[in-house]
Amino acid sequence: MGSKITIIGAGSVGSAIANDIVAMSLATEIVLIDINKQKAFGEATDIFQGTGFSNPTMVSAGDYPDAVGSSMVIITSGLARKPGQSRLELAQANVNILKSITPNIVKYCPDAIYIMVANPVDIMTYAFHKISGVPENHIIGSGTVLDTARLQVELAKDLDISPKNVHAHVYGEHGDSSFIPWSLANISNTPIDIYTSRIPHNDNIAFNGNYEELEHRIRESGAVVIQAKGATCFAVAFSVCHIIKAIQNGAGTSITISTMFNGEYGISDVCMSVLTIVDENGVRGKIISVLTDDEMAKLQNSADKLKEIIAGLEL
């Protein structure tokens with residue numbers, strides 16, 4: 001499917017996204033923009049030199065005027081999270097970077113769908129809403145799409161089944177207050193808490209039913225990678241490409257992106273993740289699932305934690 005996509009930020013995440021877009025044939029043109037123009041040139045040239053093995057894709061480094069005509073803009077610019085650092089500790093520094101980027105890119109791409117990837121992604125998505133003037137349905141934070149994928153592959157491994165048969169999702173903040181609404185989780189249309197007793201040949205099942213331990217493992221999985229190699233990039237890139245595909249196919253795909261709340265679940269004026277439908281027009285709307293009282297309290301707690309950070313920001 002032909003389209004032009006601009007990526008702002010040519011660091012490890014931005015360049016990995018660009019490379020995966022080429023590999024998955026999601027665009028016919030990619031523009032990489034970075035304050036470090038030499039780095040953007042090097043990354044773009046390296047990726048472009050491999051396009052002889054894929055569908056034709058023009059990959060180049062550029063500046064904001066070169067983004068004209070982009071159907072999507074992906075923002076990855078910002079300081080990277082350091083080992084031991086929470087995503088929320090990055091907030092003001094990366095919001096300041098976003099404030100310098102936003103008027104420049106929106107000037108040339110007022111009609112694009114924007115995908116926010118820079119952390120803390122919920123705060124950055126909220127800030128972009130407040131400073132950009134871009135329509136609300138065109139603003140998407142990557143949210144807990146990757147957290148959900150981490151959950152699904154870990155459960156699939158423990159349950160000896162394909163991740164595509166695991167229907168469980170991470171809600172709330174992309175961070176420490178995230179949670180899993182287990183009341184909605186099922187494996188192949190079977191409630192997760194009885195799944196292991198309803199299948200044949202369950203000798204390979206490793207899942208012990210300890211939801212709290214699994215939830216902690218998922219929440220900390222990004223930090224584990226950062227501690228080991230200094231950054232996360234490959235799985236992030238896959239998750240962003242999943243969002244791109246969901247937008248491009250136009251069918252209406254439910255994913256746990258970060259979007260603005262306007263009274264859903266009784267929550268307003270904050271961005272975080274619940275299952276939300278996207279299509280070629282961007283955000284179609286949230287799925288209002290029936291949550292338990294405990295899950296509702298966890299969703300509200302996530303909103304409150306994010307609002308505490310927002311209240312201290314200079315937007």
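- Heavy atoms of other residues, nucleotides or ligands lying less than 6.0 angstrom from OH of Y64 number more than 12.
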- Trace of the side chain to side chain donor-acceptor pair (under 3.5 Å) decision for W182 with E295: CA-CA 9 Å; W182 291 109; E295 290 162 354; over 6 Å; no
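- Using a 4.0 Å cut-off between a side-chain N of Lys or Arg and a carboxylate O of Asp or Glu, R217 and E154 qualify as a salt bridge.
- In terms of hydrophobic clustering, with Ile, Leu, Val, Met, Phe, Trp and Tyr side chains grouped at heavy-atom distances under 4.5 Å, V290 and I287 are assigned to different clusters.
- Residues H169 and I180 are not in side-chain contact: their nearest non-hydrogen atoms beyond the backbone lie 4.5 Å or more apart.
- With values rounded to the nearest 0.5 angstrom, L151 atom CG is found 11.5 Å from R219 atom CZ.
- Taking hydrophobic clusters as Ile, Leu, Val, Met, Phe, Trp and Tyr residues chained together by side-chain heavy-atom distances below 4.5 Å, I243 does not share a cluster with V170.
- Between N301 and F179 the shortest side-chain heavy-atom distance does not fall below 4.5 Å.
- A salt bridge links D279 to R284: one of the charged nitrogens lies within less than 4.0 Å of a carboxylate oxygen.
- A donor and an acceptor atom, one from each side chain of S70 and T6, are located under 3.5 Å apart.
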- Query: Given the rule in the side chain to side chain contact (heavy atoms under 4.5 Å, CB included) test, do I187 and I161 qualify, once you have shown the distances and angles that lead to the verdict?
  - Reply: CA-CA 9 Å; I187 312 297; I161 197 169; 4.0 Å; yes
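- A side-chain donor from one of D122 and S258 sits under 3.5 Å from a side-chain acceptor of the other.
- Side-chain contact between I113 and V278 is absent, with no heavy atoms from C-beta onward closer than 4.5 Å.
- By the criterion of side-chain heavy atoms lying less than 4.5 angstrom apart, applied directly or through intervening Ile, Leu, Val, Met, Phe, Trp or Tyr residues, L275 is grouped together with M260 in one hydrophobic cluster.
- The main-chain N or O of K245 is found under 3.5 Å from a side-chain atom of N249 such that the two form a donor-acceptor pair.
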- Item | Derivation and outcome, side chain to side chain donor-acceptor pair (under 3.5 Å), residues S302 and S177 | CA-CA 5 Å; S302 219; S177 67; 2.7 Å; yes
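- T28 and K4 share no donor-acceptor pair across their side chains, judged by distance under 3.5 Å alone.
- Closest non-hydrogen pair, A18 versus I47, comes out as CB-CD1, 3.7 Å.
- Looking at every heavy atom in both residues, L155 comes nearest to A168 through CD1-CB, 4.1 Å.
- Put simply, the side chain of H138 gets close to the backbone of A112: a donor and an acceptor are under 3.5 Å apart.
- When all heavy atoms of V117 and S142 are compared, the pair lying nearest together is CA-OG, 3.8 Å.
- Rounding to the nearest 0.5 Å gives a distance of 12.5 Å between CD1 of I123 and NE2 of H174.
- Annotation: side chain of V274 is not in contact with side chain of E264 (no heavy-atom distance under 4.5 Å).
- Between the side chain of S239 and the backbone N or O of V236 there is at least one donor-acceptor pair closer than 3.5 Å.
- Remark: the E136 side chain and the N262 side chain contain an N/O donor-acceptor pair separated by less than 3.5 Å.
- Residue E212 places its CD atom among 12 or fewer non-hydrogen atoms of other residues, nucleotides or ligands, all under 6.0 Å distant.
- Counting non-hydrogen atoms of other residues, nucleotides and ligands closer than 6.0 Å to NZ of K305 gives a total of 12 or fewer.
- Remark: side-chain polar atoms of S3 are paired, donor with acceptor, to backbone N or O of L26 under 3.5 angstrom.
- Looking at residues two or more places apart in sequence or on another chain, you find no salt bridge (Lys or Arg N to Asp or Glu O under 4.0 Å) involving D46.
- When all heavy atoms of M116 and F128 are compared, the pair lying nearest together is CE-CB, 3.9 Å.
- More than 12 heavy atoms of other residues, nucleotides or ligands sit less than 6.0 Å from atom CD1 of I194.
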- Assess whether side chain to side chain donor-acceptor pair (under 3.5 Å) is satisfied between T51 and T57, documenting all intermediate values. CA-CA 6 Å; T51 59; T57 309; over 6 Å; no
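- The environment of F234 atom CZ is sparse: at most 12 non-hydrogen atoms of other residues, nucleotides or ligands sit within 6.0 angstrom.
- Side-chain contact of Y126 with D269: a donor-acceptor pair under 3.5 Å is present, judged by distance alone.
- Side chains of T102 and S132: no donor on one and acceptor on the other come within 3.5 Å.
- Residue pairs satisfying the ring pair (Phe, Tyr, Trp, His ring centres under 6.0 Å) criterion with at least one member in residues 24-56, sequence neighbours excluded, are absent.
- In this structure the side chain of Y114 never reaches within 4.5 angstrom of the side chain of I140, judged on heavy atoms.
- Counting non-hydrogen atoms of other residues, nucleotides and ligands closer than 6.0 Å to NZ of K229 gives a total above 12.
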- side chain to side chain contact (heavy atoms under 4.5 Å, CB included) evaluation trace for N104 with D63: CA-CA 10 Å; N104 293 310; D63 212 331; over 6 Å; no
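- With hydrogens and angles disregarded, a donor-acceptor distance shorter than 3.5 Å links the side chain of D34 to the backbone of A10.
- Looking at heavy atoms from C-beta onward, L306 lies in side-chain contact with M272 at the 4.5 angstrom threshold.
- Between the side chain of S268 and the backbone N or O of G263, at least one donor-acceptor pair lies under 3.5 Å.
- In this structure a side-chain-to-backbone donor-acceptor pair under 3.5 Å is missing from R150 to I218.
- Counting heavy atoms from C-beta outward, E29 and V31 have side chains that approach closer than 4.5 Å.
- For N189, the CG atom is loosely surrounded, since the number of other residues' heavy atoms within 6.0 Å does not exceed 12.
- With a 6.0 Å radius and a threshold of 12 heavy atoms from other residues, nucleotides or ligands, D293 has its CG atom at or below the threshold.
- Considering all non-hydrogen atoms of both residues, G143 and V121 come closest at N-CG1, 3.9 Å.
- A donor-acceptor pair under 3.5 Å is absent between the side-chain atoms of S273 and the main chain of Y171, judged by distance alone.
- A single hydrophobic cluster is seen to contain both F238 and I30, as judged by linkage of ILVMFWY side chains at heavy-atom distances under 4.5 Å, directly or through other members.
- There is a path of hydrophobic side-chain contacts, each under 4.5 Å, that joins I97 to M124.
- Between I21 and I74, some side-chain heavy-atom pair lies under the 4.5 Å cut-off.
- Residues L315 and A127 come closest through the heavy atom pair CD2-CB, 3.7 Å.
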